[in-house]
Structure formats: C-alpha cells, structure tokens
Amino acid sequence: MAKIQAIRGMNDLLPADSPVWQYFEGVVKGLLHSYGYQEIRMPIVEQTELFCRSIGEVTDIVEKEMYTFNDRNGDSLTLRPEGTASCVRAADQHGLLFNQTQRLWYAGPMFRHERPQKGRYRQFQQIGAECFGIATPDVDAELVILTAQLWEKLGISENVTLQINSLGSPEERAAFKKELCIYLEQHFDLLDEDSQRRLATNPLRILDTKSASTQSVLKGAPKLSEFLGEDSNSHFSSLLRLLDLAGVKYEINANLVRGLDYYSKTVFEWVTDALGAQGTVCAGGRYDGLVEQLGGKPTPGIGFAMGVERLVLLLEELNVVPSDVRSNVDVFVVASGEGTSEKAFETARVVREQCKLRVLQNLGGGSFKSQMKKADRSGASVALILGEQELERGQVVIKYLKLEKDQQTVEATDLSQVLTEFFA
Ligand code: ATP
Ligand code: MG
C-alpha cells in the first residue's frame with residue numbers, strides 16, 4: 001500500500017533539529033520576559049471574517065493564501081495566516097485593552113497557501129509580540145531595540161539589517177495614494193502586469209515591486225514622506241532619535257509598505273542576504289486603527305512577528321548555534337551483571353534529581369561491550385558503570401567518554417558530588 005506523506009509545505013520537526021528550535025525559542029522567550037511581555041495563546045482557527053476585516057480584502061494573504069473552509073455548521077473558518085488579528089480579537093474579547101497597557105507575546109503555527117521553497121512554507125512558525133495602549137514612539141523604539149538585542153544574543157547582528165519607514169496616518173496615505181495613482185496611470189504601459197492589476201486594487205503594494213521597469217517608473221513618482229503631516233513626522237523622527245541613542249542602525253526604506261493593510265506610522269523589517277530570496281526574518285509595525293476596525297474601542301497598538309524557520313536556517317547557515325545545544329544527554333548508565341539493572345534505576349534517578357543532569361539508562365539488556373558502544377554513540381560525556389563487583393562494594397565506576405582521563409571508582413554516596421563538580 002502506498003504510504004501517506006505529509007502535505008507539501010508542511011514540515012515535520014525531527015529530533016535532530018528540535019534542539020536548535022528549543023535553543024532559539026528559549027532565547028526569544030527569555031528576552032521577551034525580561035521586557036515584561038506575557039504569553040497569550042490563541043486558537044489556530046478563527047472566523048474568516050476576522051482576517052478579511054483586519055489584513056484587508058485585496059492583500060495577497062486574503063486574496064490567495066488563506067486556508068478557508070466551511071465547518072459542519074456552514075460557518076466559514078480559516079486557519080490563521082498570522083497572529084496579530086487573533087491577538088487583537090482575544091485581547092479585546094477578554095477586556096485586556098480597557099484603560100491599560102498590555103505587552104503580549106505568542107508563538108505557534110501560521111498557514112498560508114504559498115509556493116513552498118526554502119524559507120517559505122504552507123505551515124510555518126512565528127513568534128510575535130504585540131503592545132497595546134501606548135501611542136508614543138518610545139514603545140516603537142522598545143520593540144525595535146528588543147529585536148536588535150535578540151540578534152546580538154543569537155550572534156547574528158552582523159548579518160541582519162533594519163529597514164524602517166513611516167506609512168503615516170490613513171488620511172495621509174489616502175492623499176498619497178491618490179497622487180501615486182494619477183502618476184502611475186500616466187505610465188501604465190511601462191508597469192509590469194502584476195502592478196497594472198494592483199493599480200486598481202492595492203496601489204501601495206506596487207512600491208515593493210521586484211520588476212525593474214516598474215522600479216524605474218517609481219523613481220519619478222510622488223513620495224509618501226512628502227505627504228506626512230506634523231504628527232507622523234515627529235513620531236518618526238523621535239523613534240529614529242531613540243534608535244540612534246541606543247546604537248541601533250537602520251536604513252530608511254521609503255518603499256517599505258508591508259503586505260497587510262492595517263499598519264499606520266512605523267513599519268520595519270529585519271532582512272538578511274544570507275538566505276536568498278526569503279530574506280525577511282522579522283517584520284512589524286504600528287496598527288493604531290486595528291482594534292477599532294475590529295469593533296473595539298480606539299486603542300493604539302504595535303507589534304512584530306518573526307519567522308522561526310528562517311531564523312533557524314540563518315543560525316545554521318552562519319554556524320552560530322552553541323556547540324552544546326545539540327547534545328541531549330550528559331550521563332549514560334551501564335549495568336552489567338546479576339542484580340545491577342535494579343540498582344541502575346536508583347542511580348539514574350539520583351543523578352537526575354540531585355545533579356540536574358540528563359541521564360540515559362541502558363535498557364533492553366546487552367553485553368557490557370555493546371552497552372559501552374551505546375554510551376559512546378549517545379553523546380554523553382560520562383558513562384556510569386555498575387558491575388557485580390561495584391554493586392557488592394557500594395561503588396560506581398565513572399568513565400569519561402570525551403576526555404583523555406582515567407576512569408575513576410567512587411563510593412556511591414559520593415557520586416552526586418563528583419558529577420556535580422565535573423559538570424559545573
Ligand atoms: P514575505 O515577504 O517573505 O512573504 P510577509 O511580509 O508575507 O513575508 P509577514 O506576514 O510579515 O511576512 O510575517 C512575518 C514573518 O513571518 C516574515 O518576515 C517571515 O520571516 C515569516 N514568514 C512569512 N510567510 C512565511 C512562509 N510562508 N514561510 C515561512 N516563513 C514565513
Ligand atoms: Mg508573504
């Protein structure tokens with residue numbers, strides 16, 4: 001019978017790779033907690049309407065990437081393509097936004113029906129953070145500084161750059177959009193097909209076109225920055241000043257518009273050129289109108305999301321994963337001879353509890369030689385050997401598997417202390 005395979009673009013995370021993911025997630029969560037962000041977990045499925053209303057009807061995500069289906073009641077449901085909309089829905093639904101600030105983070109799978117390739121999948125993992133209730137640019141700065149600090153902790157600062165832009169208020173953007181459309185219509189024939197289509201649906205997205213001919217048309221186009229008013233301008237310049245003070249470098253990219261409709265004022269992306277075409281590893285921005293757009297009270301908000309697969313790829317590519325991350329065992333317990341395997345249970349438990357070490361106990365029997373082979377292959381630094389003689393004398397033999405160091409016989413009662421000192 002033919003074997004059933006996973007769905008294209010939806011990956012299994014295998015044990016050989018999960019330690020790097022855990023390492024990455026641990027660093028991110030530790031940092032988010034150090035800034036006072038608290039975890040929120042939302043369902044993976046939401047009403048389709050939530051994403052249409054927030055992300056925007058004429059965006060790539062809503063037009064062609066969502067996994068939408070009718071459930072048995074006939075309700076239209078969608079596997080979440082991103083986390084911000086769900087997070088806003090949940091925070092508002094549970095009254096978290098009333099007269100208070102909230103710093104929230106989430107992690108989990110997102111679903112988009114895209115063409116699978118390196119760094120682009122149909123189920124992928126994001127870690128995101130959202131802050132509600134603060135309209136001033138200091139929170140924009142805090143979020144960007146947090147991400148910059150993350151790259152430092154991970155050892156990839158040299159390989160990512162920050163692109164940043166201001167989209168202004170919806171009114172300012174509308175005025176710009178009008179002028180941009182007038183200009184682009186005059187040069188319609190020089191635009192690529194995609195941009196010609198977008199001119200009628202979502203003209204701002206034309207700004208991040210990859211087409212060379214459209215790019216050259218854009219050189220003469222009106223600039224969004226010329227349409228920003230006093231409030232947007234001073235917000236943006238305060239943010240840049242705070243980034244300067246923090247020593248965070250950035251490139252202002254006037255064509256950075258982001259693919260979702262809900263952004264206002266600040267938008268940013270961290271990009272790398274070490275991953276080929278899928279170079280954006282973290283992206284975010286301010287969405288002051290979104291809560292209201294989804295039926296809540298007007299509440300400023302800002303957030304970012306990072307693509308875990310891309311960041312893990314980058315860590316591997318740059319070879320910056322600490323060498324001990326991949327090992328999953330410290331101690332291997334070998335028991336050979338009458339009555340020794342019973343003693344091995346106790347020894348393993350004591351070492352786990354008192355030394356806080358990761359212990360693999362040999363199970364399934366086997367000769368002394370084959371057990372020692374397993375110990376070597378396990379990646380453990382130490383084998384504990386229990387033979388009949390040791391059992392009789394209340395001793396344990398410690399064999400060092402990764403060092404040129406003689407094996408050592410210790411009293412069972414001293415074992416925890418010796419191991420604790422060795423692994424310290
Ligand atoms: P891209 O321009 O690469 O399509 P995006 O603008 O659609 O990205 P966002 O919606 O901002 O992406 O999502 C935030 C991050 O999630 C991205 O920067 C990226 O790291 C990751 N991401 C987005 N789509 C995918 C995907 N299909 N597969 C893997 N990671 C993804
Ligand atoms: Mg995309």
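Keep in mind that this is a model prediction, so the values were computed, not measured. Atoms within each ligand, like the ligands themselves, are counted from 1 in listed order. Values below: every heavy atom of this structure, side chains too, minus hydrogens, waters and symmetry copies. Counting begins at 1 with the first residue of the sequence.
- With sequence neighbours left out, the side-chain hydrogen bond (donor to acceptor under 3.5 Å, both in side chains) criterion links Q47 to no other residue.
- Checked by atom type, the side-chain pair Y121/E114 shows no donor-acceptor distance below 3.5 Å.
- Using a 4.0 Å cut-off between a side-chain N of Lys or Arg and a carboxylate O of Asp or Glu, D92 and R89 do not qualify as a salt bridge.
- Side-chain atoms of N159 and T272 form no donor-acceptor pair, as typed in the model, at a separation below 3.5 Å.
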In residues 290-297, what donor-acceptor pairs under 3.5 Å come from side-chain atoms, sequence neighbours left out?
residue: Q293; atom: NE2; partner: R53; partner atom: O; Å: 2.7

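- Protein residues with a heavy atom closer than 4.0 Å to ligand 1 are R112, E114, G119, R120, Y121, F124, Q126, R258, T280, V281, C282, A283, A305, G307, R310, listed by chain and number.
- Pairs passing the ring-ring contact (aromatic ring centres under 6.0 Å, His included) check and including a residue from residues 143-193, sequence neighbours excluded, read W151-W270, F176-F227, Y183-H187.
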